[in-house]
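Position 1 is the first residue of the sequence; numbering continues from there.
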Amino acid sequence: MKTKKYIILIVICAIALGGIIAFQVFKNNNNSIFKIGIILPLTGDIASIGEYSHNGAMLAYNQLPKKTQEKMKLYFEDDQFKPVNTTTAFNKLATVDKVNMAVCLGSTQCGSIAPIAEEKQIPLIAVASDNTIQKDKKYVFRLEIAPQEEGKRLLAYLQLKQYERIASGVEPHGGIQIGYAVLKESPYFSELEQAFESVKTGERDFRTPALKIFESKPDVVFLGLLPGNAGGFAKELRILGFTGDFAGFNFIEGEETLTQA
């Protein structure tokens, strides 16, 4: 699955970067243990993405030279993809575990701790699509596709398919909102969009918003949703009788979406 491979690759890059930094520390202090805190959604609606990321981190760690491994320790924290949990996890890593650097996943989640990392001067690698997270910061770095670029590519695809009626179900997630804004800026998309429904993160009853979208008779439905919602929302539309296509950003390729499909 493309998303699985992509996320594993991104986290491998993040941990590999940590290994490079650790090596520099080890050169000057042989007694140092370089600590990396990794905050992931290991449980909850998108636990599969957290699992992919955990696997990527361990793969990168296991590929490091043995001497580097002995001088390096990974600390995993579960935030369930909830910003308030991300903040709690980061504060624990910073004050209790005293990590040298941290890795986080998700635009809203990483955005909630970026100012804290900057204040505490703890290097933070954000696997996030919102390209404002690292703005004006010296200790925050971002590794991900910018949602603006995803929006442009998806818009080109929709135009290529020559859809005539579009409907959207969108979550209030930072990266998704930025990408959706790119779609809305296009006269092609905005003029053809027949219905828009806001979907709460963690929602389980999609009957009402799905019915409104179905009644707008779209050719394609833009699923601006996380894996925990995308599959359930699409399933509800199929039950109602929708036979058109679905489109979305990389989030909809999550294991949860495919299982429900």
Side-chain angles (χ1 to χ4, degrees), residues 7 10-11 13-15 17-18 21 33-58 72-147 170-180 198-204 224-229 249-251 254 256:
I7 292 175
I10 288 292
V11 179
C13 291
I15 302 304
L17 179 58
I21 298 173
I33 298 296
F34 192 84
K35 302 176 182 180
I36 300 180
I38 306 173
I39 307 172
L40 303 170
L42 299 173
T43 59
D45 291 337
I46 62 167
S48 66
I49 291 180
E51 179 186 356
Y52 304 157
S53 303
H54 177 274
N55 292 344
M58 293 309 301
M72 190 175 184
K73 186 173 182 179
L74 306 184
Y75 294 77
F76 290 96
E77 292 289 333
D78 178 19
D79 68 353
Q80 297 184 319
F81 217 56
K82 298 177 180 179
V84 62
N85 293 349
T86 312
T87 301
T88 300
F90 182 80
N91 285 330
K92 186 258 185 183
L93 289 169
T95 58
V96 178
D97 301 313
K98 300 188 183 302
V99 297
N100 301 100
M101 66 172 285
V103 180
C104 60
L105 177 67
S107 295
T108 306
Q109 292 68 27
C110 293
S112 69
I113 62 174
I116 307 174
E118 187 72 11
E119 179 183 352
K120 294 181 179 295
Q121 297 185 2
I122 298 176
L124 174 68
I125 298 178
V127 183
S129 54
D130 184 353
N131 62 359
T132 65
I133 289 174
Q134 76 281 9
K135 186 177 180 181
D136 299 325
K137 294 180 177 65
K138 297 170 65 175
Y139 291 87
V140 181
F141 310 88
R142 187 181 64 83
L143 294 175
E144 242 288 17
I145 298 172
V170 183
E171 281 189 52
H173 178 272
I176 291 174
Q177 288 288 331
I178 293 172
Y180 178 66
S198 179
V199 181
K200 294 181 180 179
T201 300
E203 183 63 72
R204 287 297 177 267
L225 306 172
L226 297 173
N229 278 348
F249 298 143
N250 62 351
F251 287 114
E256 292 85 354

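- The CD atom of Q109 lies 9.0 Å from the CD1 atom of I133; values are rounded to the nearest 0.5 Å.
- By the 4.5 Å heavy-atom criterion applied to side chains, I176 and L226 are counted as neighbours.
- Within the 3.5 Å criterion, the main-chain N or O of L42 finds a donor-acceptor partner in the side chain of D78.
- The shortest side-chain heavy-atom distance between V99 and Y75 falls under the 4.5 Å cut-off.
- Atom CG of residue L74 and atom CZ of residue F34 lie 10.5 Å apart, to the nearest 0.5 angstrom.
- Formation of a donor-acceptor pair under 3.5 Å by the K120 side chain with backbone atoms of A117 is not found in this model.
- Residues I39 and V103 form no side-chain contact, since every pair of their non-hydrogen atoms from C-beta on lies 4.5 Å or further apart.
- Across all their heavy atoms, L124 and C104 have their closest contact at CD1-SG, 3.8 Å.
- Put simply, the side chain of R142 never gets that close to the backbone of A126: no donor and acceptor are under 3.5 Å apart.
- Of the inter-residue distances, the one linking L105 atom CG with I125 atom CD1 reads 13.0 Å to the nearest 0.5 angstrom.
- D79 places a side-chain N or O within 3.5 Å of a backbone atom of F81 that can act as its donor or acceptor partner.
- Under the salt bridge (charged side-chain N to carboxylate O under 4.0 Å, His left out) criterion, E77 pairs with K92, not counting sequence neighbours.
- Here the NZ atom belonging to K138 is positioned 12.0 Å from the CG atom belonging to D136, to the nearest 0.5 angstrom.
- Closest of all the heavy-atom pairs between K137 and P115 is CE-N, 4.1 Å.
- For the atom pair CG of L93 and CZ of F76, the computed distance is 11.0 Å after rounding to the nearest 0.5 Å.
- The ring pair (Phe, Tyr, Trp, His ring centres under 6.0 Å) search around F249 returns F222, not counting sequence neighbours.
- Side-chain atoms of S112 and T86 include no donor-acceptor pair closer than 3.5 Å.
- Put simply, CG on N229 and NE2 on H173 are 11.5 Å apart, with the number rounded to the nearest 0.5 Å.
- For the pair E171 (side chain) and S198 (backbone), a donor-acceptor distance under 3.5 Å is absent.
- In terms of modelled atom types and a separation under 3.5 Å, the side chain of Q134 and the main chain of N131 share a donor-acceptor contact.
- Contact record, A57 with I38: CB-CD1, 3.8 Å, taken as the closest heavy-atom pair.
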_I36 vs K73, side chain to side chain contact (heavy atoms under 4.5 Å, CB included): CA-CA, chis, key distance, verdict_ = CA-CA 6 Å; I36 300 180; K73 186 173 182 179; over 6 Å; no
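- For the pair L225 and V170, the minimum side-chain heavy-atom distance is 4.5 Å or more.
- The nearest pair of heavy atoms linking I178 to P147 is CG2-CG, 3.4 Å.
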*CA sep, side-chain torsions, deciding dist, call: I116, N91, side chain to side chain contact (heavy atoms under 4.5 Å, CB included)*: CA-CA 8 Å; I116 307 174; N91 285 330; 3.8 Å; yes
